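Heads up, the thing below is written out as structure tokens.
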Amino acid sequence: MTIVGVPTEVKKDEYRVGLRPVGAEMLINNGHAVLMQAGAGLGSGYEDSLYEAIGAKIVPTAEEAWGASDMIVKVKEPQPQEVALIRDGQTVFTYFHFAADRELTLGCLERGCISVAYETLTDDHGHLPLLTPMSEIAGKLSVQEGAKYLERPQGGRGILLGGVPGVEVGKVLVLGGGVVGTCAATVATGMGADVVMMDISIDRMRRLDEFMPSNCKTIYSDPEAIRDHLAWADLVVGAVLIPGAKAPNLVSHEDLTHMKPGSVIVDVAIDQGGCVETAKVTTHSEPIYTVDGVVHYCVGNMPGAVARTSTQALTNATMPWVLKLASSSAIKLAKHDHHFANAINTHRGTLTNQPVAEAHDLPFEAIAT
Ligand SMILES: NC(=O)c1ccc[n+]([C@@H]2O[C@H](COP(=O)([O-])OP(=O)(O)OC[C@H]3O[C@@H](n4cnc5c(N)ncnc54)[C@H](O)[C@@H]3O)[C@@H](O)[C@H]2O)c1
């Protein structure tokens, strides 16, 4: 029997939870015990009583949730006060983003936990299946937020993206045609806007041309095309990614002068540094600011705004692994599945993820499988 602990998220503006009541039910039916910190599910609309009804134990503090569990399931990277609660040999299954946080990396190595990172689990298609659902949400949300901030009272130029008969529709430029970009373009075209998607992968654009509707065009991403389309667009969505690297800077401060006053930039890539020079990370409490008349929305954890949808999407993807981890061990799973082995970033004081080791110039040791 494994005791699975679920703490309440403590990062600012984070309302997701690592386990839904149905997930707790599945664990309990498989012979495990679940310790929920009181209020952990509230931000996503799951009250303690729903967990209690299926046999989970509610504990009042984070100390108890972390202290009495063999395995922790959560959402965001452990915050410093959480790192202090990690027990030697405890399995922690969550997003870590170690490459961006040396202090967290050293903390987890020192605490001796087994850090199983959502963001480095891979699949046979070369995708990151526990990251994709959050990109899908951020992509869809980017146009919803962009449409809101195009409204005049919000500081925008007063544009209805879908237009009405006799009036031009709104124009949306999407930089990057991957998961985020495709979801953004799907929503924008569905609203009736004219959409241009830019990418540097011709294969990807070939594929997009096959399935996107006729109000979506693809154009190769180069500085001239970007400049031309910045002048054209009402809404710009930054959705580029170079895996493992900082996002490329595609829109300079000077480029803003080509844009219409009151147009909006939603830089989804802000979690990788942003693809717009003037982008700086914002929060759900204060999501926007304006530079040279252009509204910037640069929230680093966009899925947190739609916590219930995000919790459902995340746990749909994580739950099979939560069950496997509770019924086995990270090392045993890694022996049979190299994709799972990729998710183990630290193991009892050893750094087992090469890019993280390189990012912090720390010694790397491959996971022993
Ligand atoms: N802010 C948030 O809350 C949030 C949430 C989820 C994802 N993200 C971020 O969104 C970004 C996109 O994620 P994704 O899942 O869509 O990645 P992805 O790998 O699916 O797609 C990225 C695309 O960018 C393209 N690209 C690379 N360089 C380019 C360039 N110079 N011009 C145009 N296109 C270029 C790639 O060819 C690829 O098609 C990432 O930085 C990711 O971390 C942010």
Side-chain angles (χ1 to χ4, degrees), residues 11-16 75-77 95-97 99-100 117-120 122-123 125-146 173-187 196-209 212 218-227 229-230 236-252 255 265-277 279-284 287-288 296-307 309-310 313-314 317:
K11 192 164 179 175
K12 187 168 163 48
D13 291 333
E14 183 52 67
Y15 304 105
R16 287 172 287 179
V75 180
K76 292 307 285 185
E77 65 279 3
Y95 289 118
F96 282 96
H97 299 290
Y118 293 163
E119 71 274 9
T120 58
T122 49
D123 68 14
H125 312 288
H127 297 150
L128 302 168
L130 304 189
L131 208 53
T132 302
M134 296 303 105
S135 286
E136 289 169 334
I137 287 174
K140 291 195 169 184
L141 194 57
S142 66
V143 173
Q144 184 170 314
E145 295 294 332
L173 170 63
V174 180
L175 299 170
V179 180
V180 168
T182 305
C183 286
T186 301
V187 171
V196 167
M197 296 180 81
M198 290 192 180
D199 207 294
I200 47 170
S201 162
I202 294 169
D203 265 348
R204 180 62 193 158
M205 289 189 286
R206 191 169 287 129
R207 178 88 189 91
L208 287 166
D209 272 351
M212 290 306 287
T218 55
I219 295 198
Y220 188 81
S221 169
D222 63 32
E224 185 185 34
I226 292 174
R227 266 195 312 275
H229 286 83
L230 287 175
V236 177
V237 176
V240 298
L241 178 67
I242 300 176
K246 195 197 161 297
N249 189 354
L250 302 184
V251 179
S252 70
D255 287 337
I265 296 176
V266 177
D267 196 351
V268 186
I270 191 67
D271 63 338
Q272 297 290 127
C275 60
V276 174
E277 188 184 0
K280 54 177 197 277
V281 73
T282 60
T283 63
H284 291 295
I288 59 155
H296 291 52
Y297 173 103
C298 309
V299 173
N301 63 332
M302 292 176 67
V306 287
T309 303
S310 298
L314 177 65

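Remember, it's a predicted structure, so these values are computed and weren't measured experimentally. No hydrogens, no waters, no symmetry mates; every other heavy atom, side chains included, goes into these values. Counting starts at 1 for both ligands and their atoms, in listed order.
Close approach to Met198 involves these atoms of ligand 1, each under 4.0 Å from a residue heavy atom: 33 (C), 34 (N). Counting the atoms of ligand 1 from 1 in the order shown, those under 4.0 Å from a heavy atom of Asn301 are 3 (O). Using a 4.0 Å cut-off to heavy atoms of Ala138, the atoms of ligand 1 that qualify are 4 (C), 5 (C), 6 (C). The Ala269 neighbourhood of ligand 1 comprises atoms 41 (O), with distances under 4.0 Å to a heavy atom of that residue. Atoms of ligand 1 lying under 4.0 Å from at least one heavy atom of Gln272, given by number and element, are 41 (O), 43 (O). Of all the atoms in ligand 1, the ones that sit under 4.0 Å from a non-hydrogen atom of Pro303 are 3 (O).
Of the candidates Asp199, Asp203, Leu241, it is Leu241 that places a heavy atom closest to atom 17 (O) of ligand 1.
The proximity of Val268 to ligand 1, defined as any non-hydrogen pair under 4.0 Å, involves the side chain as well as the backbone.
Look at Gly300 and you'll find a heavy atom under 4.0 Å from some atom of ligand 1. Using 4.0 Å as the threshold, Val299 has a heavy atom nearer than that to some atom of ligand 1.
The single protein non-hydrogen atom nearest to atom 10 (O) of ligand 1 is Val180 CG2, 3.6 Å, given as residue, atom name and distance. For atom 32 (N) of ligand 1, the closest heavy atom belonging to the protein is Ser221 OG, 2.8 Å. Of the protein's non-hydrogen atoms, the one nearest atom 21 (O) of ligand 1 is Gly178 CA, 3.2 Å. In this structure, atom 35 (C) of ligand 1 lies nearest to the protein heavy atom Val240 CG1, 3.5 Å. In this structure, the protein non-hydrogen atom closest to atom 3 (O) of ligand 1 is Met302 N, 2.7 Å. Among protein heavy atoms, atom 15 (O) of ligand 1 sits closest to Ser135 OG, 2.9 Å.
With salt bridges taken as basic N to acidic carboxylate O contacts below 4.0 Å, one links Arg16 and Glu14.
Residue-to-ligand polar distances place Val179 within reach of ligand 1: an N/O pair is separated by less than 3.5 Å. For the pair Ser201 and ligand 1, the shortest N or O to N or O distance does not fall below 3.5 Å. At under 3.5 Å, not a single nitrogen or oxygen of Pro248, backbone or side chain, sits near a nitrogen or oxygen of ligand 1. Not one N or O of Ile270 is nearer than 3.5 Å to an N or O of ligand 1, by distance alone.
Note that the CG atom of Leu128 and the OG1 atom of Thr120 stand 8.0 Å from one another [nearest 0.5 Å].
Checked by atom type, the side-chain pair Asp209/Thr218 shows a donor-acceptor distance below 3.5 Å.
At most 12 heavy atoms of other shown residues, nucleotides or ligands fall within 6.0 angstrom of atom NZ in Lys140. Heavy-atom contacts from other residues, nucleotides or ligands closer than 6.0 Å to CZ of Arg204 number more than 12.
Between Tyr95 and His97, the ring planes lie parallel to each other; the angle is under 30°, not in the 30° to 60° tilted range.
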